Amino acid sequence: MTLYNILIFFSAISFIYYSVNSIFSKRLINEYQRWGYDKLRYLIAFLQFFAAIGFIVGFFFKPLVTIVSFLLFLMMVVAVFTRLRVKDNLIKTSPAIFYAILNLIIFYYSMIS
């Protein structure tokens, strides 16, 4: 398994985990309220879950990796701006920054390979 495939797999598993927790975790339910996205929580979780599934399918249909990684990159950029809007510190914002960069790297490599 190449580093590229490991990054895709890591992102996929992370977003499956996060999307499921977005539905069931009291802490995340409260965070969505704090961010002002409580009415969008199910939609965001659904999009993240199916993007993660898209990464897994992308192992067999490569163009899907490009689409999914770009959309997750955009979602994480919005997450960074949301964290800035609610005045979260760098520690709380860093996961969104990390996943934005990770998915940008996946997107870049999907475009050149």
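The structure presented is a predicted model; accordingly, all values stated were derived computationally and were not measured. Heads up: numbering here begins at 1 and tracks the sequence.
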Taking [Y]'s backbone N and O only, do any of them form a donor-acceptor pair with [X]'s side chain (distance below 3.5 Å, no angle check)?
| X | Y | result |
| --- | --- | --- |
| S69 | T66 | yes |
| R85 | W35 | yes |
| S110 | F107 | yes |

Grab the two heavy atoms, one from [X] and one from [Y], that are nearest each other, plus how far apart they are.
| X | Y | answer |
| --- | --- | --- |
| A52 | A12 | CB-O, 3.2 Å |
| I8 | V65 | CD1-CG1, 3.8 Å |
| L102 | S11 | CD2-CB, 3.9 Å |
| A45 | S22 | CB-CB, 3.8 Å |
| I53 | I16 | CD1-CD1, 4.3 Å |

Item to check | Candidate list I13, L64, L72, test side-chain contact (heavy atoms from CB on, under 4.5 Å), partner F55, passing option | outcome: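 Exactly one option meets the side-chain contact (heavy atoms from CB on, under 4.5 Å) with F55, and it is L72.
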
Checklist entry - side-chain contact (heavy atoms from CB on, under 4.5 Å) with N21: which of F24, Y17, Y18? => result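 Going through the options one by one, the only one that passes is Y17.
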
Next on the checklist: Between F50 and F46 (judged by ring centroids, cut-off 6.0 Å), do the two rings come close enough to count as a pair?
Outcome noted: yes

Item to check | L104 side, atom CG; M76 side, atom CE - distance, nearest 0.5 Å | outcome: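 Here the rounded value is 13.0 Å.
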
Checklist entry - Just how far is it from atom CD1 of I56 to atom CZ of F15, taken to the nearest 0.5 Å? => result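 Nearest 0.5 Å value for the CD1-CZ distance: 13.0 Å.
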
Next on the checklist: Applying a strict under-4.5 Å side-chain criterion to I, L, V, M, F, W and Y, I'd like to know whether I91 and V80 cluster together.
Outcome noted: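 No, because I91 and V80 fall into different hydrophobic clusters, even though each may have its own neighbours under 4.5 Å.
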
Checklist entry - Is it the case that more than 12 heavy atoms not belonging to Y4 sit under 6.0 Å from its OH atom? => result yes

Item to check | Ion pair check, E31 and R41, cut-off under 4.0 Å | outcome: no

Checklist entry - Going through the checks in order, is the side-chain contact (heavy atoms from CB on, under 4.5 Å) test met by D88 and R34? => result CA-CA 11 Å; D88 278 351; R34 187 173 70 86; 2.8 Å; yes

Checklist entry - Given the rule in the side-chain contact (heavy atoms from CB on, under 4.5 Å) test, do F10 and Y99 qualify, once you have shown the distances and angles that lead to the verdict? => result CA-CA 10 Å; F10 177 78; Y99 283 101; 3.6 Å; yes

